[in-house]
Amino acid sequence: MALLVAWLVTRLMMVWAVPDVPDAARKLHRAPTPTSGGVGIMAGTVVGLGVFCFYFTNVTEEIALCLGVSLAGGVLGFWDDRAALGPKIKLMILLAITSGFVIWGPRIEALPLWDGAVWQLGPVLGGLGTLLWLLVIVNVVNFMDGANGLSIGSSMVGLVFLSVVCGFASFAQSSPAFLVTIYGLISALACCGFLYWNVAGGRIFAGDSGALFVGLTIGTLGVWAGSMGVKPLSIATCFLPLLADSILTIIWRARQKANLLTPHADHVYQLAIRSGQSHLYVASLYWLATALCGVVAVRASTSGDSLISLGFVLCLLPLILILERARAYYLALLSKQAG
């Protein structure tokens, strides 16, 4: 149901949505293209969860809170798609939305690092860490949403593996983490319905409505899962390629003394497409990397904290090496093409 509704609403948005005009150098498309396809993802998720809640009444208030926060982000994104709010205003509103979740929702107050070694964060530091995670992941999904299928597709793959991780945790610990499994799979199906129209030729973009909704879905589900015993590093590993590209790009731009709030085209995936690689080729590499990290996260989650931390590091280090080598290669290629 989630897939079908997302597919249908996204198709309707191709007619009703405001077009995204390629009026900036950072934009990688050439013709005006409908945006706000994320409305389809929002609709598919809402209907899918509605069907689930209709047949299963053992639903906690966390589902409503996670969905409410994600929808608030999606509405903010839809507003930004139409009115171009600017990064500072959007960040302040996102801060208010995520702060509300931290105040009234679950928090991650312990971070297992190794077998027998747990960093007890407590309510204050745990709240700040939870807020940081929410702001980082929602912005990461938004930053990476500049190529057809890359960000939403990688998020879809990550949500599937997060659902599997939570399923194993629910079975092993007899916890209600299976609710995150159901929610995550419904959201992944909604993303799939949108991707049908986006991947093949970029007929519609997710827009900020999609990026902020999906980013907050990942963020809130991750926190909810972590509060029920799912290891935070397993959650992060499921989305590590998106996180790595974004954080490494921020570090690179900081070294270049660039304005970190200014829109740009310096992500590795953007450099690759500007150099001549196709959207689908680049996106498929990120999907594959996300799937590989997801496999590691699932395998490690069935073992102790030490293996989870080791899996995280073993995924992160190759990503850093590959992304930085790719950045150097594409920067040199672009310089050669320009010269």
Are the side chains of [X] and [Y] in touch, meaning some heavy atoms are under 4.5 Å apart?
X      : Y      : result
Phe205 : Pro34  : no
Leu49  : Ser187 : no
Thr290 : Phe239 : no
Ile247 : Ile251 : yes
Asn139 : Leu91  : yes
Gln277 : Tyr330 : yes
Leu150 : Leu242 : yes
Leu121 : Trp119 : yes

If you compare all heavy atoms of [X] against all heavy atoms of [Y], which two are closest, and at what distance to 0.1 Å?
X      : Y      : value
Asp145 : Ala206 : OD2-CB, 3.9 Å
Ala297 : Cys238 : CB-SG, 3.8 Å
Ile97  : Leu216 : CG2-CD1, 4.4 Å
Leu319 : Cys293 : CD1-SG, 4.1 Å

To the nearest 0.5 Å, what is the distance between [atom1] on [X] and [atom2] on [Y]?
X      : Y      : atom1 : atom2 : answer
Cys315 : Leu233 : SG    : CG    : 11.0 Å
Ile320 : Leu323 : CD1   : CG    : 8.5 Å
Leu334 : Gln270 : CG    : CD    : 11.5 Å
Met156 : Leu195 : CE    : CG    : 5.5 Å
Cys191 : Ile41  : SG    : CD1   : 4.5 Å
Leu113 : Asp305 : CG    : CG    : 8.5 Å

Main-chain N/O of [Y] paired with [X] side-chain donor or acceptor, under 3.5 Å:
X      : Y      : value
Ser227 : Trp224 : yes
Asn148 : Val199 : no
Ser301 : Val298 : yes
Asn198 : Gly149 : yes
Ser99  : Leu95  : yes
Arg107 : Thr130 : no

Would you call the rings of Trp7 and Trp197 parallel, tilted or perpendicular, taking 30° and 60° as the class edges? tilted
Connected via hydrophobic side-chain network under 4.5 Å: [X] and [Y]:
X      : Y      : value
Leu292 : Leu314 : no
Leu288 : Leu243 : no
Val9   : Val46  : yes

Report the C-alpha distance between Ile182 and Ile186 in whole Å, list the side-chain angles of each, state the deciding distance to 0.1 Å, and finish with yes or no for side chain to side chain contact (heavy atoms under 4.5 Å, CB included). CA-CA 6 Å; Ile182 300 300; Ile186 288 172; 3.9 Å; yes
No-hydrogen, no-angle side-chain donor-acceptor test under 3.5 Å, Thr249 and Arg327: yes
Polar contact flag, side-chain donor to acceptor under 3.5 angstrom, Ser306-Trp114: yes
side-chain contact (heavy atoms from CB on, under 4.5 Å), paired with Ile93, selected from Val75, Leu76, Thr98: Leu76
With sequence neighbours excluded, give me every salt bridge (Lys or Arg N to Asp or Glu O under 4.0 Å) pair touching residues 250-264. Arg253-Asp266
Flag if over 12 foreign heavy atoms under 6.0 Å of CH2, Trp252: yes
Would you say Arg203 has more than 12 foreign heavy atoms packed within less than 6.0 Å of its CZ? yes
Let's go through Trp133 and Ile108 carefully: what are the C-alpha distance in whole Å and the side-chain angles of both, what is the deciding distance for side chain to side chain contact (heavy atoms under 4.5 Å, CB included) to 0.1 Å, and is it a yes or a no? CA-CA 10 Å; Trp133 158 254; Ile108 296 177; 5.7 Å; no
Side chain to side chain contact (heavy atoms under 4.5 Å, CB included) assessment of Arg11 paired with Ile204: CA-CA 9 Å; Arg11 179 64 184 88; Ile204 186 171; over 6 Å; no
